There are 4 protein chains.
Amino acid sequence: MGKREDNAKQTRAKLLDTADRLIVKDGYERVSVDSIVKASGIAKGTFYNYFKRKEDLIFELSKHRFANLIGSRDTGNQDAVTSISAYLEEFMTVIANSKIELARQWVRYVSASDANKDKWQLDVDSLERFIQQLIREDKLSAKTPHYVLAETLLTQMYGIILSWCIDPKAIDPIQRTQQFCTQQLELLVNPYQ
Amino acid sequence: MGKREDNAKQTRAKLLDTADRLIVKDGYERVSVDSIVKASGIAKGTFYNYFKRKEDLIFELSKHRFANLIGSRDTGNQDAVTSISAYLEEFMTVIANSKIELARQWVRYVSASDANKDKWQLDVDSLERFIQQLIREDKLSAKTPHYVLAETLLTQMYGIILSWCIDPKAIDPIQRTQQFCTQQLELLVNPYQ
Amino acid sequence: MGKREDNAKQTRAKLLDTADRLIVKDGYERVSVDSIVKASGIAKGTFYNYFKRKEDLIFELSKHRFANLIGSRDTGNQDAVTSISAYLEEFMTVIANSKIELARQWVRYVSASDANKDKWQLDVDSLERFIQQLIREDKLSAKTPHYVLAETLLTQMYGIILSWCIDPKAIDPIQRTQQFCTQQLELLVNPYQ
Amino acid sequence: MGKREDNAKQTRAKLLDTADRLIVKDGYERVSVDSIVKASGIAKGTFYNYFKRKEDLIFELSKHRFANLIGSRDTGNQDAVTSISAYLEEFMTVIANSKIELARQWVRYVSASDANKDKWQLDVDSLERFIQQLIREDKLSAKTPHYVLAETLLTQMYGIILSWCIDPKAIDPIQRTQQFCTQQLELLVNPYQ
DNA sequence: GATGAATGAGCGTTCATTCAT
DNA sequence: GATGAATGAACGCTCATTCAT
């Protein structure tokens, strides 16, 4: 870990950070190599020392950017519906806390190409693990179709995000999530509780 | 309907068709006015005789594709779950029949600005009317929360579309819809059946 | 003068009028054949029945548009300075009454090509004739250098117009003309009065 | 001043020179970015490395041509009329030395928007200071209306430029300036000499 | 390894002009 | 004579990429 390698790592990191920041600020479409190197104070040629093509940076970014949002969590002695509700609300809060433009950009981004396909699977897996945890804690029966349930719930969340992007004024994603949890979640979970 | 008007209609249609085909083939991002006119053998200037901006063509395209998804329908003597399943499957079939690139384009388009906010509401209203019809036909109890149910179901459909856009290879929207109908829909509808 | 010739004349006149109006409204640069035919409700092809090229219409327009502003006038028994002052003020009033954008457009127009070279000469000739009239009326001596004086005075008017175009807020062309007449004109005319 | 910086300077200069040459040759209206880069053998993209917009090059060009027209000058023991004549002639010579197309461009440019309003004021101020210098040197009386005189003289110069632009063949700006100085200037200055 | 000037294909768009109907 | 769809060169401008220094 000589000084030079260190500098190189920093340069690379700076490019990634700057690109990330610009995408958030200006939207994915508007971010060019030019804007990245100008904002980061790094020469254009240097950019191409680290990334053979612009695409490479974008790809690397997407790996970091949409990292799995929710890790394991303590459910205490709450019942299954309450636990899942808390999970989903937290999931949606992270997204809803960003401005609508960011959410829109996110939708455009993940639906732009196959580069982000992991995102969906990671989210499903994470939610499924959470449900399995509830099964292990005997809050849900062993018969619970954990994968299908995870898929359904996450699909609902994704649907809320998309409808929010379509009509941000009419739809409050947090409130919609709460409504769903209150009125529908129980129906889905009840048989297994 | 003189020869000229006829030709004009054909020219317009050819531009739309070609654009549609190219978007499916190459992806929304890569389709330019140049590529459209070159592929259709029409002069660039002619393009702008029909569409003031490239955007206008795109808009018209997505309108055609995703417009008027569901009209009224005869439910015969099917029960509520079966009827709703048929409705949702038809809804999704229209979308899934388009290629993934067109669905992506649609997602990008409706989430791009506030211009399409009606889309969501129209879909919800349409589905709600369908549920109300089932209530009138005594297939669902009068207590059915028709609006909330419509919202939930449509949100699920939108979520499926979005997850399909994210990972088209892993997800088959029709199959996912059927799975949802089979395994979850009953839970949601049962209390009111 | 059959009906057909009459219609043809009207069509031609309408094109000229519309073009003139649009140039005043939108500025010379922004007026296209398209905008002219759209605004006049005449088909594009018809335009080219009357004018072989767009230039032809512009040329014809310039002949009408910048016609000699001032004809002969009664000077009554006013002295030379008063008469000339009235003449110059009227000249400038015609111009200043138009909006600054029109004046700017005029400047751009007359300085754009050689097509308007007559304009300057016509104005000088007109003013010279006026001065000669004053000589004939014995309000100025026969030694008055009528052409040079006309040139100098008109040049001053043109200079005022140009400076007005450059800084419309700081300069009031009418007031500047009056100031010139009050403070400087006498000096130029006195020797011959 | 490495080789690279040197080359860059040359590239920039070449673009400016070529543009200048083309404007003189073909007229302001007909010069496009394309024609400039083609004539200079420089890539189009390079043009935009140096000038953010085409306008910027035009602006820089006109700044070079018409900037800093007159600095302070030694009047020796010439009388006022001679000194002012020399001043005005030099002013006009700078302009007349450019080709007519460049003068036209200048006129169009300064009259295009409010961005150049200073130009007029700077010229007036400069000329006024020169007249004040003549007053201090006792070549003009203290009663001389220095500002009004400066305005009148400069207006005359601007008028000559404009009339030159309108009819370049009939009018020689230098000769017209000399004529004005010989025949009219004395009348304006005499009372204060 | 860092630099930034140079590149040129490509973009969306405008517009005067032609010509079959 | 009137029509308006069709044309295609030209416009100003963007941008990912290359390469000599």
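Order of the sequence lines sets the chain letters (A, B, ...), proteins ahead of strands, with each chain counted from 1. Note that this is a predicted model, so its numbers are computed, not measured.
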Inset, instruction - Write down the atom of B:Arg30, the atom of B:Ser35, and the distance for their closest heavy-atom approach. - result: O-OG, 4.5 Å
Inset, instruction - Look at the side-chain N and O atoms of B:Ser32 and state whether any lies under 4.0 Å from the OP1 or OP2 oxygen of E:dG10. - result: no
Legend entry - Nearest-0.5 Å distance, CG of residue D:Leu16 to OG1 of residue D:Thr11: 11.0 Å
Inset, instruction - State whether C:Arg53 places a side-chain N or O below 4.0 Å from either non-bridging phosphate oxygen (OP1 or OP2) of E:dA16. - result: no
Inset, instruction - Give, for atom CD of D:Glu55 and atom CD1 of D:Ile58, the distance between the pair rounded to the nearest 0.5 Å. - result: 9.0 Å
Name every donor-acceptor pair, under 3.5 Å, that has one atom in a side chain of residues 36-51 of chain D and the other anywhere in the protein, sequence neighbours excluded.
unit_1  : atom_1 : unit_2  : atom_2 : d
D:Ser40 : OG     : D:Ile36 : O      : 2.8
D:Ser40 : OG     : D:Val37 : O      : 3.4
D:Lys44 : NZ     : D:Asp34 : OD1    : 2.5
D:Tyr50 : OH     : D:Ala8  : O      : 3.4

Legend entry - Rounded distance (nearest 0.5 Å) linking atom CG of C:Leu162 with atom CG of C:Asp167: 11.5 Å
Inset, instruction - Starting from P on E:dC19, measure out to CG on B:Asn7 and report it in whole angstrom. - result: 17 Å
Legend entry - Separation of B:Leu15 CG from B:Leu57 CG (nearest 0.5 Å): 7.0 Å
Inset, instruction - Select from D:Lys54 and A:Glu55 the residue whose nearest nucleotide in DNA chain F is closer to the 5' end of that strand. - result: D:Lys54
Legend entry - DNA chain F-proximal residues of residues 36-51 of chain D, any heavy atom under 4.0 Å: D:Lys44, D:Gly45, D:Tyr48
Legend entry - Nearest-Å distance for atom pair CZ/C1', residues D:Arg30 and F:dC11: 16 Å
Legend entry - Rounded distance (Å) that lies between atom C1' of E:dC11 and atom CD1 of B:Ile58: 14 Å
Legend entry - Nearest-0.5 Å distance that lies between atom CG in D:Asp17 and atom CG in D:Leu22: 11.0 Å
Inset, instruction - Whenever both distances are under 3.5 Å in a Watson-Crick or G-U wobble pair, mark it; put DNA chain F into dot-bracket that way, with [ ] for crossing pairs and | when the partner is on another strand. - result: .||||||||||||||||||||
Inset, instruction - Whole angstrom is fine here: how far is it from CD in D:Glu5 over to P in F:dA20? - result: 18 Å
Inset, instruction - Using a cut-off of 6.0 Å, state whether more than 12 heavy atoms not belonging to D:Lys14 lie near its atom NZ. - result: no
Legend entry - Rounded interatomic separation in angstrom, taking CD from A:Gln10 and P from E:dA2: 12 Å
Legend entry - Pairwise 5' ranking along DNA chain F for D:Val31 and B:Arg12, keeping only the more 5' one: B:Arg12
Legend entry - Protein-nucleotide distance (C:Asp34, atom CG; F:dT7, atom P), rounded to Å: 16 Å
Legend entry - Protein-nucleotide distance (A:Lys14, atom NZ; E:dA2, atom P), rounded to Å: 13 Å
